[in-house]
Amino acid sequence: MARILITSAIPYINGIKHLGNLVGSQLPADLYARYARARGNEVMFICATDEHGTPAELAAAKAGKPVADYCAEMWAVQKELSDGFRLSFDKFGRSSSPQNHRLTQYFAGKLAENGLIEEVSEKQVYSVADGRFLPDRYIEGTCPNCGYDRARGDQCENCTKQLDPTDLIDPRSAVSGSTDLEVRETKHLYLRQSTLKDQLDAWIDGQEGWPILTTSIAKKWLHDGDGLQDRGITRDLDWGVPVRKGDEPWPGMEDKVFYVWFDAPIEYIAATKEWADAEGLDDSAWRRWWRLDEGADDVRYVQFMGKDNVPFHTLSFPATIIGSGEPWKLVDYIKSFNYLNYDGGQFSTSQGRGVFMDQALAILPADYWRWWLLSHTPETSDAEFTWENFQASVNKDLADVLGNFVSRVTKFCRSRFGEAVPGGGAGGAREAALTADLQARLTAYEGHMDAIEVRKSAAELRAMWAAGNEYLQEAAPWAVFKEDPDQAAAIIRLSLNLIRLYAVLSAPFIPDASATMLTALKAEDAEWPDDVGAALDALPAGHGFSVPENLFRKISDEEREEWQARFAGVRS
RNA sequence: GGGCCCGUAGCUCAAUUGGUUAGAGCAGAGCGCUCAUAACGCUUUGGUUGGGGGUUCGAGUCCCUCCGGGCCUACCA
């Protein structure tokens, strides 16, 4: 039994996330959290919404609502969807929480005490009509290079040339279209990451077994050009964590907030405090997960994220932690993911291309999506969602291999022996071989899950399901029954126990179907098995059960074609 | 422009980090079974590992080069 702290990258508050976002961190994190709990570990699984920044302010304005109201509504929507996908967060927090405000200000104060904060005066584009400073990519104009008239201030999408906003010809605000722009002087706080470069480098070198994707991104930032650069941690916005030095005001920074990348990862910690506060627990309850001097020395901390988030988790957030000079818990293992593409292109939030979380749940239950997404997780390279592949996987793996196994066993038993585990007979060589095979597969499954090898875990689980069908075909209880009902009873008794075992082992992937199986079997014991032989003896002769409805229905060709057409274009 | 990643069977992916004859699932073909959601099982077809060159006793794996795809490049978050 160990203590495992798990965080998923926190999704941005703005809008409903698509399946690519889901499989890029939250879903595999949930798989691991469920597995870790099932193995008897003490788990703290944290996620939250990332609520600050310019896009949230603009989306709220567009919706005609105060930002705080808009974020509260969107948080509720995202929370409902995460529940719908059975994401088992211990806390789904909010980066705008008072807890995060205080903690972010606290860290900033510590960094300042340690001489790691510098005030830098810089020039930024200000839009008079919008009454706000504009990030580079919110300025549009004509590209001086290729003449494209919708080039953004950071880069021209047409010729891919990197730009400075002042390079643009006829620049205008992407928010309002106003050309009333001016360059204004503004003062910001910078985190002096460059002074922590060697410490960060040594820390990353000390990590064992991190994916290439993770370390190569970190190394690039550390060593490219002049090495790790200092970064601004404040912004001229209204919505965010007000800049304060711990509990003290920060002179000259009165109207500024911290920049999202600084406060968002701190929310991992703050959300754990949100959890403790909501549970009515005192501070030691969350600090024992995060403070090495207050009980977190035996915690293993695993982070899940998409590859775009790696620099913040390998460098920026560790810089905050290390720079504080206090014994806060650093991450032990980072699991990063590539992207999921949609039917030959990218998922697109702006174009509504692909399947979004709400739409997915409207057409099929969570387990169908969980199974496909997890068994196709983009671990080694980008993966691709196609409706043909989705239909084939769901129909074959879930309906035919697992669902049909449950169906054939329970219905055969009901018709020959009634709705109770039959007694009589005994296992022989075939049953011993099956048990040994499953024991070996269980060990492999656990190995892959421990290593967070998601696709390999799924393949091994499927192989265990398939082993049940192979066994049944060989044992042929329908034929044996005619000559030797006791022997057929022994085969079916084992098969019913196999269903219970599958329910337990499959729960991290398909929690709802697992629950249905356990309920049908009236099984009270859902403990993770140490010994397969013992686990296949859990339901004794005479134990009642009921035949469940089919666990999974099949996706028809007509449905597939309809969905393919419906989700190809603009979200309605 | 610079950096990194990827390219393996019709499709989705493996290959113990340089080690026998490159393996699974799906799809296809054949056979079997009849308990079950026309489900299940067995057998089987299918590869110049993107092209070319090199290092090595040995290369999918390392090096060079070309082709194709993707990501990042610090003010989106």
Visitor: Just to be sure I understand the rule, does A/Glu388 reach a base, reach only the sugar-phosphate, or reach nothing, if contact means heavy atoms closer than 4.0 Å?
Guide: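 Answer is nothing: A/Glu388 stays at 4.0 Å or more from every strand.
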Visitor: Both distances under 3.5 Å, Watson-Crick or G-U wobble: on that basis, could you give the dot-bracket string for RNA chain B, with [ ] for crossing pairs and | for other-strand partners?
Guide: (((((((..((((.....[...)))).(((((.......))))).....(((((..]....))))))))))))....
Visitor: Going by side-chain contact (heavy atoms from CB on, under 4.5 Å), name the residues that satisfy it together with A/Phe509, two or more places apart in sequence or in a different chain.
Guide: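 Applying side-chain contact (heavy atoms from CB on, under 4.5 Å) to A/Phe509 gives A/Leu31, A/Trp371, A/Leu374, A/Tyr445, A/Met449, A/Ser457, A/Ala458, A/Leu461.
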Visitor: Restricting to side-chain contact (heavy atoms from CB on, under 4.5 Å), what partner residues turn up for A/Asp486, sequence neighbours left out?
Guide: A/Asp484
Visitor: Let's go through A/Tyr138 and A/Phe133 carefully: what are the C-alpha distance in whole Å and the side-chain angles of both, what is the deciding distance for ring pair (Phe, Tyr, Trp, His ring centres under 6.0 Å) to 0.1 Å, and is it a yes or a no?
Guide: CA-CA 10 Å; A/Tyr138 282 91; A/Phe133 282 95; over 10 Å; no
Visitor: Atom NZ of A/Lys219 and atom C1' of B/G2: how far apart are they, to the nearest Å?
Guide: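 One finds 19 Å between C1' of B/G2 and NZ of A/Lys219, rounded.
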Visitor: Give A/Gly227 one of three labels, base, sugar-phosphate or nothing, depending on what nucleic acid heavy atoms sit under 4.0 Å from its own.
Guide: base
Visitor: Would you say the base of B/A36 and the side-chain of A/Asn404 have a donor-acceptor pair closer than 3.5 Å?
Guide: yes
Visitor: Taking salt bridge (charged side-chain N to carboxylate O under 4.0 Å, His left out) as the definition, give me every residue that meets it alongside A/Arg192, ordered by chain and number, with sequence neighbours left out.
Guide: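 With neighbours one apart ignored, the set is empty.
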Visitor: Please enumerate all protein N or O atoms sitting under 3.5 Å from an N or O of nucleotides 12-16 of chain B, with distances to 0.1 Å.
Guide:
from  : atom 1 : to       : atom 2 : distance (Å)
B/U12 : O4'    : A/Asn389 : ND2    : 3.4
B/C13 : O3'    : A/Arg455 : NH2    : 3.0
B/A14 : OP1    : A/Thr380 : OG1    : 2.8
B/A14 : OP1    : A/Arg455 : NH2    : 2.1
B/A15 : OP1    : A/Lys456 : NZ     : 2.9

Visitor: Can you list every salt bridge (Lys or Arg N to Asp or Glu O under 4.0 Å) pair that touches residues 442-463 of chain A, not counting sequence neighbours?
Guide: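 Residue pairs with at least one partner in residues 442-463 of chain A: A/Arg39-A/Glu446, A/Glu379-A/Arg455, A/Asp397-A/Arg462, A/Arg441-A/Glu460.
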Visitor: Quick one: label A/Phe312 by what it contacts on the DNA or RNA (base, sugar-phosphate, nothing), any heavy atom closer than 4.0 Å.
Guide: base
Visitor: Quick one, which residues of residues 490-498 of chain A touch RNA chain B with a heavy atom under 4.0 Å?
Guide: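 Per residue number, the list is empty: none.
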Visitor: Which residues satisfy the ring pair (Phe, Tyr, Trp, His ring centres under 6.0 Å) test with A/His313, sequence neighbours excluded?
Guide: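 A/His313 satisfies ring pair (Phe, Tyr, Trp, His ring centres under 6.0 Å) with A/Tyr268 only.
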Visitor: When the nearest nucleotide of RNA chain B is assigned to A/Thr386 and to A/Leu551 on a heavy-atom basis, which residue is associated with the more 5' position?
Guide: A/Thr386
Visitor: Could you tell me which residues satisfy salt bridge (charged side-chain N to carboxylate O under 4.0 Å, His left out) with A/Lys307, sequence neighbours excluded, listed by chain and number?
Guide: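 Residues passing salt bridge (charged side-chain N to carboxylate O under 4.0 Å, His left out) with A/Lys307: A/Asp382.
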Visitor: Give the residues of residues 458-480 of chain A touching RNA chain B, defined as any heavy atom closer than 4.0 Å, sorted by residue number.
Guide: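 Of all residues in residues 458-480 of chain A, the ones placing a heavy atom under 4.0 Å from RNA chain B are A/Arg462, A/Asn469, A/Glu470, A/Gln473, A/Trp478.
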Visitor: Return the set of residues passing side-chain contact (heavy atoms from CB on, under 4.5 Å) with A/Ala29 (not counting sequence neighbours), or none when no residue passes.
Guide: A/Ile6, A/Ser8, A/Phe45, A/Phe304
Visitor: Please name all residues satisfying salt bridge (charged side-chain N to carboxylate O under 4.0 Å, His left out) with A/Lys220, sequence neighbours left out, ordered by chain then number.
Guide: A/Asp224
